[in-house]
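Down below is the structure, laid out as structure tokens.
Being a predicted model, the structure only gives us computed values, none of them experimental. Just follow the structure's listing: the first ligand is 1, and inside any ligand the first atom is 1. Both backbone and side-chain heavy atoms feed into the values below; hydrogens, waters and symmetry mates do not.
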Amino acid sequence: MKTVVVGGNFAGLTTALELKRKLKDQVNVLVIDKSPVFTFIPSLIWVPFKRRDIKDITLDRKKILNKKGIDFLRAEALKIDPDKHVIYTTEGEVSYDQLVIATGPKVDFDVAPGVRQYAYYVGTQDGAMKIRKRLEEFVKNPGPIVVGATQYAGCMGAGYEFLFNIDHWLRKNNIRDRVKLTWITPEPYLGHFGIEGMTGAEAMLKRFLKMLDIDFRTEAAIKEVTPTEVILESGEAIPSVFTMLMPPFIGVDLIKNSPQLEPTSTGYLQVDDTYRHPKYPNIWAAGIAVNVVPPFKPGKVPFGSPKTGFPSDETGKIVAENIARMVRGEQKLKAKKWGDIPAICVLDAGNKEVIILTSADFLFFA
Ligand SMILES: Cc1cc2nc3c(=O)[nH]c(=O)nc-3n(C[C@H](O)[C@H](O)[C@H](O)COP(=O)(O)OP(=O)(O)OC[C@H]3O[C@@H](n4cnc5c(N)ncnc54)[C@H](O)[C@@H]3O)c2cc1C
């Protein structure tokens, strides 16, 4: 049986390795990814400040996979024909018996005018290195900074981490007193994080921001970013000569270009609690590619829920287990709602750490 996994980062790599471990020679596994290296994305926030280099947080995919008897194809998957069981890629057609889609997000830089042109983004290797270069100039000629998340964003945690890290970096470079630092967020209150009601989060973040002299705006929607300002829908223009924003995540073009899979309007895949496609039983999704409905009422300014690394890995494991069960002829599949998977995160607050534990029963921030 041939299983193809498209996307070889947290969710895809976990699925492929687990599947091979469970089924050994009963399965041929091929991972397709457009990039040759696995990137430990959470550590990208350290790259601008030279706390890590790209080589420290990347691994050669082919080496890891081949060692475990898994094939790797470096290619971009362009379109899926689920009736023919074929993926069209930049390196030709690939057929499959079982297909796992673990393609993560595409970043929507067009959420507001100027975000694409004038705001920086730390979530890619290229973006993190551009910030590193900009900060080398900034240190010689400091000015006001805005860090934040745009309307519709869901990955606020990385924005908070970047904020505390840049504050720490400004202090280390003895220029903090020359920089007005402002945090903007669509959340109705600090520390909502798209997972409403985490015990202690709002009070602790308020204390941190006050202690570090960081100004903030909640329920902020961005109207426009210019080279010198971030203009909010409220009409307020916040001066900023360096802006780092977390824009919204949407589904990748591969999913949008495969209409038979009936993607959601944001380009994600609607799967059941076994992570199987309802119409195509040999297609599965894992990680950010899965559609997740935010578990809270929409606020005044829209924003989403985070899809973090732990549930991404867990959904990969569930998919591998379910494909293994099918191969063994078992009828019952493992099912677990995304929201029932606990999240365990360590938020880097510059020179402090905050642990975030969440599950369906409790939310904790300490
Ligand atoms: C700056 C930042 C910091 C973060 N910090 C944390 C943290 O501290 N803790 C935490 O839990 N989570 C964190 N996250 C979230 C975490 O990175 C994601 O949950 C995780 O990466 C999701 O894994 P994934 O495999 O679904 O997607 P990804 O890791 O994005 O992987 C998707 C893969 O698919 C490939 N791909 C996409 N489309 C195609 C295509 N058409 N053809 C071929 N390949 C394709 C990509 O190249 C990529 O390798 C952070 C995110 C960001 C941006």
CG-NZ distance between Asn322 and Lys317, expressed to the nearest 0.5 angstrom
14.0 Å
Apply ring-ring contact (aromatic ring centres under 6.0 Å, His included) to Tyr160 and list each qualifying residue two or more places apart in sequence or on a separate chain.
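Result, ring-ring contact (aromatic ring centres under 6.0 Å, His included) vs Tyr160: Trp183, Phe193.
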Is any side-chain heavy atom of Ile166 closer than 4.5 Å to a side-chain heavy atom of Leu135?
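SC-SC contact between Ile166 and Leu135 confirmed.
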Dump all N/O pairs between ligand 1 and the protein below 3.5 Å as a table: atom names plus distance, one pair per row.
{"unit_1": "ligand 1", "atom_1": "11 (O)", "unit_2": "Gly309", "atom_2": "N", "d": "2.7"}
{"unit_1": "ligand 1", "atom_1": "12 (N)", "unit_2": "Gly309", "atom_2": "N", "d": "3.3"}
{"unit_1": "ligand 1", "atom_1": "19 (O)", "unit_2": "Lys307", "atom_2": "O", "d": "2.8"}
{"unit_1": "ligand 1", "atom_1": "19 (O)", "unit_2": "Thr308", "atom_2": "O", "d": "3.2"}
{"unit_1": "ligand 1", "atom_1": "19 (O)", "unit_2": "Gly309", "atom_2": "N", "d": "3.1"}
{"unit_1": "ligand 1", "atom_1": "25 (O)", "unit_2": "Phe10", "atom_2": "N", "d": "3.3"}
{"unit_1": "ligand 1", "atom_1": "25 (O)", "unit_2": "Ala11", "atom_2": "N", "d": "2.9"}
{"unit_1": "ligand 1", "atom_1": "26 (O)", "unit_2": "Ile288", "atom_2": "N", "d": "2.9"}
{"unit_1": "ligand 1", "atom_1": "29 (O)", "unit_2": "Asn9", "atom_2": "ND2", "d": "3.1"}
{"unit_1": "ligand 1", "atom_1": "41 (N)", "unit_2": "Ala77", "atom_2": "O", "d": "2.9"}
{"unit_1": "ligand 1", "atom_1": "42 (N)", "unit_2": "Ala77", "atom_2": "N", "d": "2.9"}
{"unit_1": "ligand 1", "atom_1": "44 (N)", "unit_2": "Lys34", "atom_2": "N", "d": "3.3"}
{"unit_1": "ligand 1", "atom_1": "47 (O)", "unit_2": "Asp33", "atom_2": "OD1", "d": "2.7"}
{"unit_1": "ligand 1", "atom_1": "49 (O)", "unit_2": "Asp33", "atom_2": "OD1", "d": "3.4"}
{"unit_1": "ligand 1", "atom_1": "49 (O)", "unit_2": "Asp33", "atom_2": "OD2", "d": "2.7"}
{"unit_1": "ligand 1", "atom_1": "49 (O)", "unit_2": "Arg61", "atom_2": "NH2", "d": "3.0"}

Quick check against the 3.5 Å criterion: does Tyr268 have a side-chain atom that pairs as donor or acceptor with the backbone of Pro105?
no
Can you see which heavy atom on Val147 is nearest to which on Gly159, and at what distance?
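In this case the closest contact between Val147 and Gly159 is CG1-O, 3.7 Å.
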Only one of Lys334, Lys332, Arg21, Lys22 clears salt bridge (Lys or Arg N to Asp or Glu O under 4.0 Å) with Glu321; which?
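Exactly one candidate clears the test, Lys22.
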